[in-house]
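For reference, the structure is listed below as C-alpha cells.
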There are 2 protein chains.
Amino acid sequence: MVNRPTETQLLENLHTLPFFQDLDLGTTAVLAAQTRWQTYQTGEVIFWEGESAAGLYLMHAGWLKVVKTTPSGREQVLRFFGPGEMFNEIGALANQPNPATAVALEPVGLWLLPRQIMVQLMAERPLFAQHLIQQLAGRVIHLVGLVADLSLRPVVGRLASLLLTGATDDILHRPRWYTQAELASRLGTVPDVIQRALRQLEDSGVIAVERHHIRVLDREKLAEIAAQ
Amino acid sequence: MVNRPTETQLLENLHTLPFFQDLDLGTTAVLAAQTRWQTYQTGEVIFWEGESAAGLYLMHAGWLKVVKTTPSGREQVLRFFGPGEMFNEIGALANQPNPATAVALEPVGLWLLPRQIMVQLMAERPLFAQHLIQQLAGRVIHLVGLVADLSLRPVVGRLASLLLTGATDDILHRPRWYTQAELASRLGTVPDVIQRALRQLEDSGVIAVERHHIRVLDREKLAEIAAQ
DNA sequence: GTTTGTCGGCGACTTTTGTCGGATTGTGGT
DNA sequence: ACCACAATCCGACAAAAGTCGCCGACAAAC
C-alpha cells in the first residue's frame, strides 16, 4: 500500500514536469484540485487494451508495465513506467481506444488527471499542445526503435543493448519485479531464451550475473555484441 | 517523371485533408504559395534517418517506403505511403532527428510544406495542433500493432492478416514495386520465407497466387490462420 | 529478337528461437 | 525452523526463421 502524498507534494511534482511548467499558479491549482489519487496492488490492471481511458496518469510510486498480450498468454512489454513518469496520452487525449494494457508490477500510487480538463488545456493552451506533440513524438521514436530491434536484431544483441543502456556504474539492478520473465517480455522473447543469453554473455566473460543485479565487466566487448 | 500539378489542384488537394480543412482561404493560399514541388526517381532517398527534416511531405503521385536499415542491408518497412498521404510529422514538427529513412519505390511527385510555416501554424492554431496530435496518435497505434505482430505472431499469421486487410474484393493487387522482397520487409522477414508462406497458403487452398495479384479464396479459413 | 537484369520458385541445410520436464535455490509467511 | 511458492537453471528436443545455390520466367533495354 502506498500512502497518499500531500497536496503540496503533488504541486511540486507537477511543476517539475515540462508539461505543466508553463501554467500559471491558478491553473495548476485547479488542475491539482481535479486530480484523483489512486492505488493498485501488484498484478492489478490500471487500464485494459480497448478501453477509452479516464485521463492522463502521473506515477508517484511503484512500477508498472504497458503490454500487448496474446490469447495464449504470451506478452510483449512496450515500456516500463516508474515514479515521475506520465503515460496514457493516446487514450486520454486522442479519443482513441487504448492500444495496450497497463499492469502494476508492485504496489503503485498515482495521480489521475481527468480527461476533460486535459482536453480543455490542450484546446486552449498552444504550449500544452506542443508539449503533448513532443511527448507523442518521443513515443513514436521509441516504438520505431523497438520495431527495428525486434525485426532486425538477435536476442543476445538486444539483451546486450539493454544492459549497456540500463546499467548505471556498470551495474543493472533488478528489483523484485524485474524477473527474467519481465526481461524476456521486454525483449520480445521467453524466459528460457533470456537465461541462455545471459549465460552465454557470462561465459564469454563480459558480464557477471548475480541474484539481484548484473555487472558489466567489459563494456567494449558488450558493445560489439550489441552491434550484431 | 511526374508532372507538376497546377496550383488549383494543390489547393483542392489540401482541402480534402482534415489537417487543413479548418484554415481560412487566406492562410491556405499562403500555405500553397510556400510549398515546393519535388520529384524523385525510383530508389532515390527523400530523407535519411538522423537528418532533421525540411518539412511535411504531401504525396501527390507514386509510392514510397519508410524503412529502418541494418549495416548488413536488411531492412524493416515501417509503412508505405501513396497519393494523398502525409508523412514526416516527427522530423518536421517535433524538432527531433528523423527515426527512419524514406525511399521512392517508383517515380514520386510530392509537395514539401516547409517546416517553418508548419511550426507557426502549430503554435497559432489550436485546431491544427489537435489534428497533429490525432495524426501522431495514429502513428503510435500503428506502431504498437506492428510491435505486437513482430513479437507475438508467426510469419504466416502476419501474411494472412495483410492479405485480409489489404485485399479489395478478395484481390490484393501487386504493382511492379510491390515485390516479394518488399512484402517480406514489410512483414519483418526475408523473401524466401514469404515465398514458402505463400506456397503454404496456396497449398491449403485459401489463396491463389498469380503474377501481379493474390486472390483470397477462403476468407474464413484465412482469418483462422491469421488469428494464430 | 536478343540480351540482360530482376523477380520468383524451389530444395537442402543452418541457426535461432521456442517448448518441455524436471531439478534447484531463494524468499516470504506461518 | 519449516513450508509453499516463485524464480532460476538446465539439458534435450521441436519448430520457426533464415541462408544458400541454382534455375527458370518475365520484362525492359538495346
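These values consider heavy atoms only, across backbone and side chains, with no hydrogens, waters or symmetry-generated copies.
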Parallel, tilted or perpendicular: which describes the rings of B/Y178 and B/F80, with under 30° parallel and over 60° perpendicular?
perpendicular

Is there a side-chain contact between A/Q135 and A/F19, using heavy atoms and a 4.5 Å cut-off?
yes

Note, A/H213 side chain near A/E210 side chain (heavy atom, < 4.5 Å)
yes

Can you build the contact string for nucleotides 18-29 of chain C? Use B for base contact, S for sugar-phosphate-only contact, and - for no protein heavy atom under 4.0 Å.
BBB-----SSS-

Name the atoms and distances for all side-chain donor-acceptor pairs under 3.5 Å in residues 140-161 of chain B, with sequence neighbours left out.
{"from": "B/D149", "atom 1": "OD1", "to": "B/R153", "atom 2": "NH1", "distance (Å)": "3.1"}
{"from": "B/S151", "atom 1": "OG", "to": "A/Q76", "atom 2": "OE1", "distance (Å)": "2.6"}
{"from": "B/R153", "atom 1": "NH1", "to": "B/S161", "atom 2": "OG", "distance (Å)": "3.2"}
{"from": "B/R153", "atom 1": "NH2", "to": "B/G157", "atom 2": "O", "distance (Å)": "3.1"}
{"from": "B/R153", "atom 1": "NH2", "to": "B/S161", "atom 2": "OG", "distance (Å)": "2.6"}
{"from": "B/R153", "atom 1": "NH2", "to": "B/A226", "atom 2": "O", "distance (Å)": "2.4"}
{"from": "B/R158", "atom 1": "NE", "to": "B/L187", "atom 2": "O", "distance (Å)": "2.9"}
{"from": "B/R158", "atom 1": "NH1", "to": "B/R153", "atom 2": "O", "distance (Å)": "2.7"}
{"from": "B/R158", "atom 1": "NH2", "to": "B/L187", "atom 2": "O", "distance (Å)": "2.6"}
{"from": "B/S161", "atom 1": "OG", "to": "B/G157", "atom 2": "O", "distance (Å)": "3.3"}

Quick one: does B/T6's side chain get under 4.5 Å of B/L11's, heavy atoms only?
no

What I'd like to find out is whether the side chain of A/I46 reaches to under 4.5 Å of the side chain of A/F81, using heavy atoms alone.
no

To the nearest 10 degrees, how far apart in direction are the end axes of the helix from C/dG1-D/dC30 to C/dT30-D/dA1, each fit to five base pairs?
50°

If you take any heavy atom closer than 4.0 Å to DNA chain C, which residues from residues 64-72 of chain B end up in contact?
none

Over all heavy atoms of both residues, which pair between A/P114 and A/L112 is shortest? Give the atoms and the distance, please.
CD-O, 3.4 Å

Run the salt bridge (charged side-chain N to carboxylate O under 4.0 Å, His left out) test on A/E106 and A/R176 for me, step by step, so that the C-alpha distance in whole Å, both residues' side-chain angles and the decisive distance to 0.1 Å come before the verdict.
CA-CA 9 Å; A/E106 50 181 14; A/R176 184 155 332 289; over 6 Å; no

Taking any atom closer than 4.0 angstrom to a non-hydrogen atom of chain B, what span of DNA chain D does the protein reach, first nucleotide to last?
D/dA17 to D/dA28

Under the salt bridge (Lys or Arg N to Asp or Glu O under 4.0 Å) test, residues paired with A/K68 that sit two or more places apart:
A/E49

Hey, could you give me the CD/CZ distance between A/Q38 and A/R4, rounded to the nearest 0.5 Å?
10.5 Å

Would you say B/E44's side chain and B/A104's backbone share a donor-acceptor pair under 3.5 angstrom?
no

Does anything in residues 177-187 of chain A reach DNA chain C, meaning a heavy atom under 4.0 Å, and if so which residues?
none

Under a 4.0 Å heavy-atom cutoff, the residues of residues 197-210 of chain A touching DNA chain C are none

Hey, what do you get for CG (B/L172) to CD1 (B/I214), rounding to the nearest 0.5 Å?
5.5 Å

Got a sec, which residues hit salt bridge (Lys or Arg N to Asp or Glu O under 4.0 Å) with B/R79, two or more places apart in sequence or on another chain?
B/E85

Apply side chain to side chain contact (heavy atoms under 4.5 Å, CB included) to B/S52 and list each qualifying residue two or more places apart in sequence or on a separate chain.
none

Measure from the side-chain N and O atoms of A/T70 to the backbone N and O of A/R74, and report whether any donor-acceptor pair falls under 3.5 Å.
yes

Under 3.5 Å, sequence neighbours excluded: what are the donor-acceptor pairs made by side chains of residues 59-66 of chain B?
{"from": "B/K65", "atom 1": "NZ", "to": "B/E75", "atom 2": "OE2", "distance (Å)": "2.6"}
{"from": "B/K65", "atom 1": "NZ", "to": "B/E182", "atom 2": "OE1", "distance (Å)": "3.2"}
{"from": "B/K65", "atom 1": "NZ", "to": "B/E182", "atom 2": "OE2", "distance (Å)": "3.0"}

Applying side chain to side chain donor-acceptor pair (under 3.5 Å) as the test, list every pair that has at least one member in residues 216-228 of chain A; sequence neighbours left out.
A/D170-A/R219

